[in-house]
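Below is one structure, written out as structure tokens, with a few remarks after it.
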Amino acid sequence: MARQMKDSGIEWIGEIPETWEIRKHKTLFDCSKEIVGEASAITQLLSLTTHGIRKKGQEVSAGKVPESFDTYQTVAPDDIVMCLFDLDCSAVFSGISPYQGMISPAYKVLKCKGEIIPLFADYWFKFVFDGRKYRTYAKNLRYTLTYDEFAMLSLALPSLVEQGRIAAFLDRKCAEIDAVIERTKVTIEEYKKLKQAVITEAVTKGVCGPRPMKDSGIEWIGEIPEGWTTAILKYSIRWKSEKGQPDATVLSLYRDYGVVPKDSRDDNHNVTSLDTSTYKVVSVGDFVINKMKAWQGSMAVSDYAGIVSPAYHVCEITNPTLNKRYLHHLLRNHLYIPEYTRLSTGMRIGQWDLGFDDFKNLPFIIPPIDEQAEIVEYIENGLSQYDTLIAKKTALLTELETYKKSLIYEYVTGKKECLEGIAHVAAANEYPYFPATVNARNSRFAQAVLMSKILDIHGKGIGRVKLEKMLYTIETSIGFDFDTEYVREIAGPLHESVYKCEGIISRKNKWYQLHKSQYGVSYIPTKNVEGYRSYYDRYFSAYNAEVERIINIFKPYSTDQAEVVATLFAAWNDAIIEGKPFTDESIVDDVLNNWHDKKKRFAKEVWLRAMAQMKQNNIVPKGYGKRTVLKKECNS
């Protein structure tokens with residue numbers, strides 16, 4: 001039966017389930033602004049990007065760099081970072097941080113109170129960003145919201161249990177969609193490379209088939225047909241700087257699409273100046289160069305009249321023996337990219353300037369005028385199969401992005417009900433985004449059941465050390481409370497409960513037989529091994545996907561690799577619990593200096609690489625459980 005709905009009272013939200021609430025942000029978030037201060041030197045720099053929160057080096061070479069990062073604010077895992085300015089055009093809006101670090105004081109850092117799950121909030125703000133729904137609330141020139149204004153806005157809030165189900169479902173579905181999107185993008189790039197290879201052959205060798213060739217005298221172009229000539233660009237183009245047409249159509253330059261009206265694309269987030277009187281005039285047939293992106297091939301002959309940013313070069317093609325479209329395809333060709341890169345100057349990656357004096361002194365090749373026309377005809381009309389394939393894949397990308405956005409909208413506003421896992425999630429603290437509480441009378445028995453699951457999925461080849469490292473990582477990652485306090489032992493975090501669990505799965509329940517030899521302990525399933533599964537379903541079914549995910553990540557690891565990952569996870573988790581700023585380097589230093597001398601058998605670079613791999617695999621602690629202790633602390 002369909003659930004009852006009610007009017008949310010907010011037009012862009014529409015109806016919500018009757019059991020949901022409309023809550024103001026101020027009741028669900030705290031806005032923290034803890035300045036990092038002198039700890040900036042040892043704090044990881046973070047950036048809000050179109051792909052979420054990402055790490056950034058303090059030797060930043062793109063964008064504006066402050067003299068000091070001391071005024072930056074701290075960010076903890078699960079904090080929500082908000083960009084509340086330029087709501088009409090900013091390419092970023094929000095992101096959930098998987099890291100401890102610091103970020104620009106221009107952003108707002110939100111900490112979720114107990115009534116909202118960070119991941120659900122993250123998906124809610126993704127929905128808000130689609131269509132720029134907060135723009136209407138910003139009345140000033142830069143479409144900026146103060147935090148007080150933001151705090152009075154509202155969201156649709158289900159129960160914690162339902163938030164958990166929605167967040168888990170969207171995480172899985174969006175990951176599936178993103179995987180297809182990435183594969184589609186790779187395919188598009190492959191088609192583009194194939195097309196570009198054909199174009200390169202056409203503009204440098206022609207389309208008339210085999211013929212006598214000669215050395216062009218240009219090392220990076222090689223041989224050209226005998227009837228072709230070479231020249232320097234400055235004798236065929238003239239730099240233009242005509243201005244004073246502020247009401248003309250504003251044009252933009254794309255590497256893939258060439259020169260187009262700025263308003264013709266909805267993915268153009270560059271801000272047009274309020275005063276366009278200094279913009280350069282472009283006539284049909286002019287050659288336009290984005291001097292900061294020339295090294296990417298961002299230049300084109302314009303099919304439109306209008307104006308462009310004064311940061312662009314505009315050239316008139318003056319040579320009457322040149323087909324402008326031929327020059328367009330030649331100079332955008334990948335053969336020229338290394339030369340543009342070599343000639344561009346600047347300190348910041350992505351903002352190298354190609355000076356016009358350098359550009360105009362570049363050599364180029366000139367086929368006979370009639371052959372230029374044949375080449376243009378072939379490129380623009382004879383390669384339609386590539387364009388068709390690229391168009392189909394690009395349309396698929398659009399469909400996937402639209403589907404993903406509609407999926408988020410439907411579930412975070414309750415238009416569709418998420419039923420996945422509903423039979424297993426009985427309370428908010430049984431959801432993996434909270435420290436989990438296992439519904440078992442005996443926590444040690446529940447831990448033994450989890451151990452049996454690890455052995456079952458892993459199969460042969462697992463010894464005690466690897467088993468206990470996997471058990472620790474799963475327990476601490478999801479937040480199961482097995483009443484353990486792990487010790488910083490030689491082979492990583494260890495608690496004596498592992499030995500008690502071995503007794504439960506072997507002597508007491510006979511699910512596994514323990515075999516001890518000079519090589520260590522191995523675990524052999526008995527005919528009764530199925531007995532653990534009913535208990536596992538009862539205790540852990542709500543977390544099964546995450547449990548199996550971690551097991552499968554560890555499965556190909558050697559014992560040493562499992563030790564490294566579990567040790568790093570423990571030191572990292574301790575740093576989160578202590579609430580102090582930390583970096584990858586400081587966590588590794590903690591392992592090497594405050595654990596056991598045997599840890600130094602692995603080089604520091606090994607630990608750092610392992611930590612990077614953990615992040616790629618999303619083996620990232622949340623600060624659950626207790627801090628590990630040194631062996632002497634444990635015995636004191």
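Atoms OG1 and CD1, from T473 and I551 in turn, are 11.0 Å apart once rounded to the nearest 0.5 Å. Between the NZ atom in K173 and the CG atom in L407 there is a gap of 7.0 Å [rounded to 0.5 Å].
Below 30°, between 30° and 60°, or above 60°: for F150 and F29 the angle between ring planes is between 30° and 60°, a tilted geometry.
A side-chain N or O of H495 and one of S497 form a donor-acceptor pair less than 3.5 Å apart. With hydrogens and angles left out, the side-chain atoms of Y536 and D456 include no donor and acceptor closer than 3.5 Å. With 3.5 Å as the limit, one finds a donor-acceptor pair spanning the side chains of T484 and E475.
Contact annotation: the side chain of E548 never approaches that of I454 to less than 4.5 Å [non-hydrogen atoms, C-beta and beyond]. Y535 has its side chain out of reach of F540: every pair of non-hydrogen atoms, C-beta onward, lies at least 4.5 Å apart.
Between F480 and Y624, the ring centre distance reaches or exceeds 6.0 Å. Checked against the 6.0 Å centroid threshold, H25 and Y147 do not count as a close aromatic pair. Under the 6.0 Å cut-off for aromatic ring centres, F127 and Y409 qualify, their centroids lying closer than that.
Judged by distance alone, the side chain of K405 and the main-chain N or O of L400 form no donor-acceptor pair under 3.5 Å. Although no hydrogens or angles enter the test, the distance criterion places no donor-acceptor pair under 3.5 Å between the side chain of R538 and the main chain of R533.
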